[in-house]
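Since the structure comes first, as structure tokens, the remarks are kept for the end.
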Amino acid sequence: MQQKQTPRRWPRLALIPLCLAAALAQAATDPLAPTARWSAYTAGRATTPPMGWSSWNAFGTDIDEAKILGSAQRIVDSGLAAKGYRYINIDDGWATRREEKDGHLVIRADRFPSSTTGGRSTFRPFTDKVHAMGLKAGIYSDLGRNTCAQAFSGDNTDLPKGSVLEREIGLYGHIDDDIKLFFADWGFDFIKVDGCGLRAYGADSAKVRSGEYRALKPVLDLESVSRSDIPAVQAEFTQINAALARNNPDGDYLLSLCVWGAADVRAWGKNFGNLSRTSDDITPNWARLLSNFDSAAKRELYGHPGSWNDPDMLYIGKGDFDAAHLVEARSHFSLWAMLNSPLMLGADLRSTPAALMDIVGNADIIALNQDPAGNQATLAYDADDLQILVKQLASGQKAVAIFNRGLGPIDADLNAAHLKLRNDAPITLTDLWTRADTTFTNETRIRVAPRETRIFRVQGTRLLAQGVYLSEQPGSVNPAVDGVTSPQADPTVFRSSAAWSGTKGAGERPMYAGWGGARADSTPYGQVLQVAGAPFPAGIGILANSRLEVRNHGYRRITTQVGVDDSARDRQHGVTFMIYGDGKLLATSKALRWGQPAQALSADVAGVKVVELVARSTAVNNELLPVTWGAAALSGKAD
Ligand code: GLA
């Protein structure tokens, strides 16, 4: 016997370190393993949504120094600068060529006369002027070799000139040099990185076939998330992140991702930049506002301090948002503020009427947008014609916006439950346009005109006096792994026709991936959170095989009731729910299947910085297995 055992023992002993190494390696590659950290982007300077102005909506590529500095001057003179509008961003249209000998970018000297004062083409005199005004300066580039205007403009007047290579002014192949040039040499503080270079220059595109531009295999496909090469796009942003960190030792920079909701960026943009576009371009049309708003409105858990959803710049000043449409202009501003969208003005401010300047200067609404808690509003009521958005502020007070999307007036019933306030204590609403106060108990009726957004600050008694529902503080909850295995277009985003394509073709398709993502107070597919027949008005809905990171701002206890959501179509697989505190396992549920009642989980999180909520299953099709962190709440704050 002994002789037989001996030879077995050696290999077993020798295997131990190997097994350990394998376990460690698995932990490192297991996306559900706790990390004890907040993984969304916090580099750069965007603890609150950036505010400022961009040249694109007002001028397109027809830009010059006088136009840009003129708008900057109005920002200072009107008092908007003092209210937080700070970034003065040059969009597409500034470059005339890239020097073939050393890759240096050349600015259009006829449009930016100060760029020639230093010998080599330079924006330094421009950024010096902007900085001297107490403002910050932003620049534009593209992930590919060429920009969006080069791809889509029918008129070459404002586009780069010279050979094919000289006209390649995008970042592709030049990331390190260009980022150094923009930030270290020219002194910019912000960069918007567009994606047309990775989208519009396929070998079969007209401008490539004509020899105007070189082909670059498209990896971004706005119409089809499955045709996009997500890792290829992420790889470029990884390089850009590294170059930004290298060239901004003081950390004073902002990175704006502009891939318009393509390549499922709504799920991962938060890991790579300070703001990430959730949709294609806004136009000055009401229908387009609905599309852009919708592309971000159900992504409340994907926006946080440092990593904001960006439904595009404000179009206040033109078309449906001009001075003859103050209701629409106020709605646009109120909604963008509630979404924690960047507040980037897009009008020629030199001639913007006072009535519109007053709208974008509403200090109370700006304060909602800039609230330090960074909680994007959540949808407390959602229908195609009317929505109620509620935003929890750092003070514990709330804001509410009642948005009439439709054509007729609506009498909206706003109640304490929408606000997660007690229905037996007075609730005071302060109208942020008229400053009028009204007080009610439990429920009140509010008339909302067509296209109007009524917006109020709210004072009441919170349902959880000693704590906070996680769904009240989406800015502190990050779906690090949301369980989505095959991104699908969100069918609830309003499909407006695009101004640039008219009504050619067969119509607009659902296009922005995001369907099935994590949600506050809703399942990933918009159903009520419910486990074994018990509904949860508050909670987080997410798919199985997911990991949520939760910043703990000094609370002592986390409590929740977990289970497979009744809306799950997978009735076989069990899901185990785990709570970690700074990487340590604190609580585990049984393996719970569909139809089993929710199990209460609770853990002491005193002193814990990052709580992680993991829902693990052997199921592979997570999309069939929504799970519910019912009534998930932190409580017992230390004084
Ligand atoms: C894209 C972007 C716009 C703007 C233009 C410039 O369309 O989405 O915001 O930057 O390119 O060409």
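Numbers for residues simply follow the sequence, beginning at 1.
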Considering only NZ, NE, NH1 and NH2 on the basic side and carboxylate oxygens on the acidic side, decide whether R405 and D294 come within less than 4.0 Å.
-> yes

Point-to-point distance, once rounded to the nearest 0.5 Å, from CG of D281 to OG of S279 = 7.5 Å

Partners meeting side-chain contact (heavy atoms from CB on, under 4.5 Å) with T453 (sequence neighbours left out) = S331, S334, L335, A401, F403

Listed partners of S224 passing side chain to side chain donor-acceptor pair (under 3.5 Å), at least two apart | S226

Kindly write out the residues that satisfy salt bridge (Lys or Arg N to Asp or Glu O under 4.0 Å) with D250, not counting sequence neighbours, or none if the list is empty.
-> none

Contacts satisfying side chain to side chain donor-acceptor pair (under 3.5 Å) that involve residues 199-218 (not counting sequence neighbours) are E168-R214

For the rings on W94 and F123, is their centre-to-centre separation under 6.0 Å?
-> yes

ring-ring contact (aromatic ring centres under 6.0 Å, His included) against F59, all qualifying residues, sequence neighbours excluded = none

ring-ring contact (aromatic ring centres under 6.0 Å, His included) partners for W336, two or more places apart | H332

Check the pair Q387 / F293 against side-chain contact (heavy atoms from CB on, under 4.5 Å), numbers first and verdict last.
-> CA-CA 12 Å; Q387 291 169 316; F293 171 76; 3.2 Å; yes

Within the distance-only criterion (no hydrogens, no angle test), does the side chain of R299 pair as donor or acceptor with the backbone N or O of G514 below 3.5 angstrom?
-> yes

Got a donor-acceptor contact below 3.5 angstrom from the W56 side chain to the M313 backbone?
-> no

Give a yes or no on whether D384 atom CG has more than 12 heavy-atom contacts from other residues, nucleotides or ligands under 6.0 Å away.
-> no

I would like to know whether T117 and F126 meet side-chain contact (heavy atoms from CB on, under 4.5 Å); could you show each step before the answer?
-> CA-CA 10 Å; T117 50; F126 172 84; over 6 Å; no

Using atom types as modelled and distance alone, determine if a side-chain donor or acceptor of Y512 lies under 3.5 Å from a backbone N or O of D280.
-> yes

Do the side chain of K83 and the main chain of G361 share a donor and acceptor less than 3.5 angstrom apart?
-> yes

How would you list, by chain and number, every residue that makes a side-chain contact (heavy atoms from CB on, under 4.5 Å) with D155, sequence neighbours excluded?
-> S153, T157

Looking just at side-chain N and O atoms, do S496 and R288 make a donor-acceptor pair shorter than 3.5 Å?
-> yes

Looking only at heavy atoms, which two atoms of A40 and N478 are closest? And how far apart?
-> N-ND2, 3.5 Å

Sequence neighbours left out, what pairs pass salt bridge (charged side-chain N to carboxylate O under 4.0 Å, His left out) with at least one residue falling in residues 356-365?
-> D364-R435, D364-R457

Mark yes or no for whether S228, through its side chain, and D221, through its backbone, hold a donor-acceptor pair below 3.5 Å.
-> yes

N-O pairing of R330 and E328 below 4.0 Å = no

Does any donor atom in the side chain of T61 or D92 lie under 3.5 Å from an acceptor atom in the other side chain?
-> no

Donor-acceptor contact present, side-chain N404 to main-chain A449, <3.5 Å = yes

For S341, does its backbone N or O pair with a side-chain atom of N369 as donor and acceptor, under 3.5 Å?
-> yes

Is there a donor-acceptor pair under 3.5 Å between the side chain of N362 and the backbone N or O of L432?
-> yes

What residue pairs, at least two apart or across chains, pass salt bridge (charged side-chain N to carboxylate O under 4.0 Å, His left out) with a residue in residues 300-314?
-> R277-D312, E300-R519

Are the side chain of N340 and the backbone of N375 linked by a donor-acceptor contact shorter than 3.5 Å?
-> yes

With a 4.5 Å heavy-atom cut-off, do V360 and Y85 have their side chains touching?
-> yes

Do L171 and D142 pass the side-chain contact (heavy atoms from CB on, under 4.5 Å) test, and can you show the C-alpha distance, the side-chain angles, and the key distance before you say yes or no?
-> CA-CA 6 Å; L171 289 173; D142 195 287; over 6 Å; no

Distance-only polar pair, side chains of D322 and H325, donor-acceptor under 3.5 Å | yes

Flag the pair D189 and R45 as a salt bridge only when some basic side-chain nitrogen lies within less than 4.0 angstrom of an acidic carboxylate oxygen.
-> no

Not counting sequence neighbours, which residues clear side-chain contact (heavy atoms from CB on, under 4.5 Å) with K318? List them please.
-> P284, Y315

Would you check if there is a donor-acceptor pair between the side chains of Y302 and N309 at a distance under 3.5 Å?
-> no

Kindly indicate whether the side chain of F188, heavy atoms from C-beta on, has any atom under 4.5 Å from the side chain of N248.
-> no

Scan residues 57-68 for pairs that pass salt bridge (charged side-chain N to carboxylate O under 4.0 Å, His left out), counting only residues two or more places apart or in two chains.
-> D62-K67, D62-R111, E65-K129

Just wondering, do I455 and L368 contact through their side chains at under 4.5 Å, heavy atoms?
-> yes

Counting only N and O atoms by type, is there a donor-acceptor contact under 3.5 Å from the side chain of R227 to the main-chain atoms of L222?
-> no

Who pairs with P491 by side-chain contact (heavy atoms from CB on, under 4.5 Å), at least two apart in sequence or on another chain?
-> W515

For a side chain to side chain donor-acceptor pair (under 3.5 Å) with D185, tell me which candidate from R120, K180, H104, R124 qualifies.
-> K180

